[in-house]
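So the structure is just underneath, and the comments pick up after that.
The sequence lines fix the lettering, A, B, ..., with proteins before strands; numbering per chain opens at 1. The figures that follow rest on heavy atoms only: side chains count, while hydrogens, waters and symmetry mates do not.
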Amino acid sequence: MSKVRTRFAPSPTGFMHIGNLRTCLYAYLFAKKNNGEFVLRIEDTDQERYVEGAVDVIYSTLKKAGIQHDEGPDKDGGYGPYIQSERKSLYLEYAKELVDKGGAYYCFCDKERLESLKDDKGIAKYDKHCLSLSKEEVQKRLADGEPYVIRQNIPAEGVSEYDDMVFGHISVPNEDMEDGILIKSDGMPTYNFANVVDDHLMAINYVIRGVEYLSSTPKYNLMYDGFGWQRPHYMHLSPIMKDAQRKLSKRYGDANFEDFLEKGYLPKAIVNYIALLGWSPKGNEEKLSMDELVEQFDVDGISKSPSIFDEAKMRWLNGEYIKQMTPEEFVEVAKPYFEKSKVAGKYDYFALAKLLIPRVEVLGEIPEKVDFLEEFGEYDTTMFEHKKMKITKEIALNNLKAIKEDLKDFEDWTDEALKEKLSGLAEKLACKSGQVFLPLRLALTGVASTPGGATEMAELLGKEESMRRLDFSIELLAKNM
RNA sequence: GGCUCCAUGGUCAAGCGGUCAAGACAUCGCCCUUUCACGGCGGUAACUCGGGUUCGAUUCCCGAUGGAGUCACCA
């Protein structure tokens with residue numbers, strides 16, 4: 001049996017759509033799982049859509065995602081060139097070969113005639129008008145320099161069938177397939193044709209791609225047959241949806257890999273999540289590394305129906321990856337977000353990291369979680385009322401005053417020491433410890449949710465700032481009874 | 001509209017003739033707790049509908065309904 005070879009063939013559009021990345025991932029996983037090769041090919045035949053630097057985006061995305069191609073424009077494996085625009089000259093020759101073999105024919109029909117074929121819905125099927133042209137007439141018109149295209153010659157009757165690895169048996173009536181254009185009037189191949197030729201020339205034997213090609217695959221097979229080439233195996237993948245009706249697409253925003261990175265998702269988490277969208281492992285473990293994905297990947301687990309992208313679950317998974325990090329690792333990836341926040345350069349990022357690691361799911365939450373350290377002013381005092389702790393504004397105010405008195409001359413301003421000191425105070429006041437810690441935490445921060453307890457916040461702020469905020473809060477609370 | 005394909009909780013999904021129909025996210029409740037979290041425990045929640053086949057259908061077949069894809073000198 002020949003070696004498994006899969007490919008990922010993106011167009012350089014300047015961004016990597018999540019759906020494409022998943023297709024890429026599956027092609028990679030399948031190849032690696034079977035000790036095969038994974039090839040990167042750039043499909044840039046559509047010059048109108050060409051975007052500067054877009055190829056670099058593809059390289060960097062694959063690299064960040066942890067997907068390594070065995071062959072590609074930057075890694076010659078003997079099947080190059082790997083950029084479609086550099087293969088231009090190939091296609092016309094192959095198209096002519098297919099014409100000779102009867103699988104295709106020249107067509108001279110102009111736009112007007114084609115237009116006249118359309119029905120009231122604007123849907124047309126080419127009527128094989130030029131198929132009946134004699135060899136001599138074709139030669140003559142070609143010699144006259146008449147514009148032409150080359151069309152695939154699809155049998156008028158019968159049924160074309162194949163077996164898809166995920167969808168099973170697919171059969172399409174030949175009469176429903178149009179004689180599509182293989183070579184455009186400018187001499188360039190259409191995607192469909194270039195794809196078949198490239199895949200064959202690159203010895204791709206497992207074609208993994210989106211379902212949009214499921215029903216046109218018989219046409220591709222007819223080309224393989226026409227050339228006398230061996231048909232590849234096919235694995236079609238259902239789309240990732242934004243909701244039940246809409247496909248996830250760049251048109252609706254934030255569906256690109258880069259967008260998620262910016263929001264503070266870790267590449268590993270994104271890859272892990274999208275691997276699970278449309279495929280499920282045999283076991284129940286969902287947090288899987290790339291190595292584990294390769295090991296567990298199996299066509300059996302691929303689902304046929306479209307799946308809806310659920311960012312909430314990806315957030316959770318991202319949080320799981322963050323919780324595993326050491327403070328050092330966290331600071332490294334979180335640094336840009338610290339720099340964006342108000343605490344930039346003013347606090348020990350490592351100290352903050354320890355508090356933040358269990359509390360952050362996406363790095364983008366960092367600024368909102370730490371900004372209170374630098375931003376302190378009037379806030380809503382109803383926060384002091386807490387039924388479960390049995391705290392009223394009166395109790396809070398009383399206890400805050402007591403705390404101020406107790407801490408006035410206290411110098412050991414560390415989390416541990418303060419905790420002990422204040423526990424003692426709670427005992428003296430004969431109240432629950434929460435009744436002193438909760439008001440203090442609020443008094444020091446002015447926000448309902450903080451990345452740690454009262455004494456941790458106090459240590460972070462330092463004695464001077466803590467006492468200043470305590471004074472401010474006592475006054476504010478007294479004013480708002 | 002023609003053709004192709006799909007159909008289990010809100011979401012991702014396991015299941016491949018006999019199960020109290022897994023698990024995860026989300027959600028709700030309880031516990032832990034120095035707030036917020038983390039963590040632990042538990043709850044709510046699903047086989048689209050109608051016909052068959054079968055001793056027995058979520059599972060197999062047919063139909064309906066719903067959804068996706070496709071029908072370009074775009075990829």
Side-chain angles (χ1 to χ4, degrees), chain A residues 9-11 13 43-46 48-49 84 107 111 114 119-125 147-151 164 167-168 170-173 175-178 180-192 194-195 210-218 236 238-239 241 243-245 247 273 276-287 300-301 303-317 319 323 355-361 369 383 386 389 415 419 422-423 426 432-442 445 447-457:
Chain A
S11 327
T13 54
E43 308 226 326
D44 59 348
T45 44
D46 188 5
E48 277 175 38
R49 276 207 239 172
Q84 217 162 47
C107 170
K111 283 237 156 56
L114 260 24
D119 62 13
D120 51 352
K121 288 210 166 56
I123 294 172
K125 189 192 158 204
Y148 70 92
V149 298
I150 294 180
R151 286 183 184 273
D164 184 84
F167 286 92
I170 305 293
S171 78
V172 179
E175 59 171 336
D176 289 319
M177 294 188 282
E178 190 184 27
I181 289 170
L182 269 23
I183 296 291
K184 303 187 263 189
S185 56
D186 63 1
M188 288 292 109
T190 54
Y191 165 85
N192 298 284
N195 223 259
V211 260
E212 57 267 33
Y213 302 104
L214 188 70
S215 53
S216 53
T217 294
H236 287 98
S238 277
M241 311 287 287
D243 56 41
Q245 276 73 34
K247 205 169 159 179
Y273 177 68
L276 260 24
L277 251 198
W279 170 76
S280 72
K282 288 267 189 288
N284 270 336
E285 184 56 45
E286 298 200 302
K287 184 163 172 290
D300 264 6
S303 66
K304 300 178 191 178
S305 37
S307 29
I308 297 171
F309 188 86
D310 182 13
E311 191 168 347
K313 182 149 185 178
M314 186 163 78
R315 275 184 88 90
W316 163 78
L317 202 49
K323 280 181 201 99
L355 298 173
L356 257 17
I357 285 172
R359 281 169 250 257
V360 165
E361 286 191 314
K369 285 226 179 337
M383 285 192 297
H386 196 290
M389 285 297 182
D415 176 33
K419 195 177 284 180
L422 292 174
S423 295
K432 297 215 268 192
S433 55
Q435 289 176 327
V436 355
F437 288 107
L438 174 52
L440 176 60
R441 189 185 62 84
L442 293 173
T445 63
V447 294
S449 167
T450 56
T455 52
E456 285 170 310
M457 295 301 100

Phosphate-side-chain proximity, A/S215 and B/C5, N/O vs OP1/OP2 below 4.0 Å: no

Minimum-distance pair of heavy atoms, taken over all atoms of A/K432 and A/M389: CE-O, 4.1 Å

Sugar-phosphate only, base, or nothing, as touched by A/N284 at under 4.0 Å among non-hydrogen atoms: base

Distance (rounded to the nearest 0.5 Å) between A/N195 CG and A/Q84 CD: 7.0 Å

Considering all heavy atoms, the nearest A/K369-A/P451 contact: O-CD, 3.6 Å

Along RNA chain B (nearest heavy atom to each residue), the more 5'-positioned of A/D300 and A/S185: A/D300

Rounded distance (nearest 0.5 Å) linking atom CE of A/M457 with atom CG of A/L355: 5.0 Å

Sugar-phosphate, base or nothing in reach of A/V149, heavy atoms under 4.0 Å: base

Atom C1', compared across B/G63 and B/U44: separation rounded to whole Å: 35 Å

Who pairs with B/A7 - Watson-Crick or G-U, where each distance is under 3.5 Å: B/U65

Watson-Crick or G-U wobble partner of B/C47, both distances under 3.5 Å: none

Contacts of A/E456 that satisfy salt bridge (Lys or Arg N to Asp or Glu O under 4.0 Å) - sequence neighbours left out: none

Gap in Å between the two P atoms, one belonging to B/G10 and one to B/C47, rounded: 9 Å

Atom C1', compared across B/G29 and B/A13: separation rounded to whole Å: 25 Å

Residue pair A/H236 / A/I170, side-chain heavy-atom distance below 4.5 Å: no

Closest to the A/K313 side chain, choosing from B/G2, B/C12, B/A75: B/C12

Annotated protein contacts, base or backbone, on nucleotides 28-38 of chain B with a non-hydrogen cut-off under 4.0 Å, one of B, S, - each: -----BBBBBS

A/L276 and A/P281, any side-chain heavy atoms less than 4.5 Å apart: yes

Nearest-Å distance for atom pair CD/P, residues A/E212 and B/A72: 15 Å

Touch class at under 4.0 angstrom, heavy-atom based, for A/E286 against every strand present: base

Residue whose nearest RNA chain B nucleotide is more 5′ - A/A124 or A/P239: A/P239

Spacing of A/L276 atom CG relative to B/G23 atom P, expressed in whole Å: 16 Å

Below 4.0 Å: OP1/OP2 of B/A13 and any side-chain N or O of A/S307: yes

Pair assignment for B/G1, Watson-Crick or G-U wobble, requiring both distances under 3.5 Å: B/C71

Nucleotide forming a Watson-Crick or wobble pair with B/U54, both distances under 3.5 Å: none

Separation of atom CD in A/E311 from atom C1' in B/C12, rounded to whole Å: 15 Å

Whole-Å gap separating P (B/A68) and CG (A/L214): 16 Å

Counterpart base for B/A14, defined by Watson-Crick or G-U wobble contacts under 3.5 Å: none

B/C73 versus B/A64 - spacing of their P atoms, nearest Å: 33 Å

Gap in Å between the two C1' atoms, one belonging to B/U58 and one to B/G17, rounded: 10 Å

Gap between atoms CD1 and P, on A/I183 and B/A72 respectively (whole Å): 19 Å

Closest heavy-atom pair and its distance - A/A426, A/S433: CB-CA, 3.9 Å

Euclidean distance, atom CD1 of residue A/I308 to atom P of B/C6 [Å, nearest integer]: 18 Å

A/P306 vs A/P239 side-chain heavy atoms within contact, under 4.5 Å: yes

Rounded C1' spacing from B/A45 to B/C25 in Å: 14 Å

Touch class at under 4.0 angstrom, heavy-atom based, for A/I170 against every strand present: sugar-phosphate

Sugar-phosphate, base or nothing in reach of A/E178, heavy atoms under 4.0 Å: sugar-phosphate

Sugar-phosphate only, base, or nothing, as touched by A/M188 at under 4.0 Å among non-hydrogen atoms: nothing

Nucleotide nearest A/V172 (side chain, heavy atoms from C-beta), chosen from B/C25, B/C3, B/C5: B/C3

Same-atom distance (C1') from B/C16 to B/C32, integer angstrom: 43 Å

Length of the line joining A/F167:CZ and B/C6:P, which is rounded to integer Å: 7 Å

Separation of the C1' atoms in B/A7 and B/C60, to the nearest angstrom: 16 Å

Closest listed nucleotide, where the reference is the side chain of A/Y213 and the choices are B/A75, B/A68, B/A72: B/A75

Sugar-phosphate only, base, or nothing, as touched by A/S303 at under 4.0 Å among non-hydrogen atoms: sugar-phosphate

B/A75 OP1/OP2 closer than 4.0 Å to side-chain N/O of A/K184: yes

Atom-pair distance (NZ on A/K125; P on B/C73), nearest Å: 15 Å

Check: A/S307 and A/W279 side chains under 4.5 Å, non-hydrogen atoms: no

Nucleotide forming a Watson-Crick or wobble pair with B/C32, both distances under 3.5 Å: none

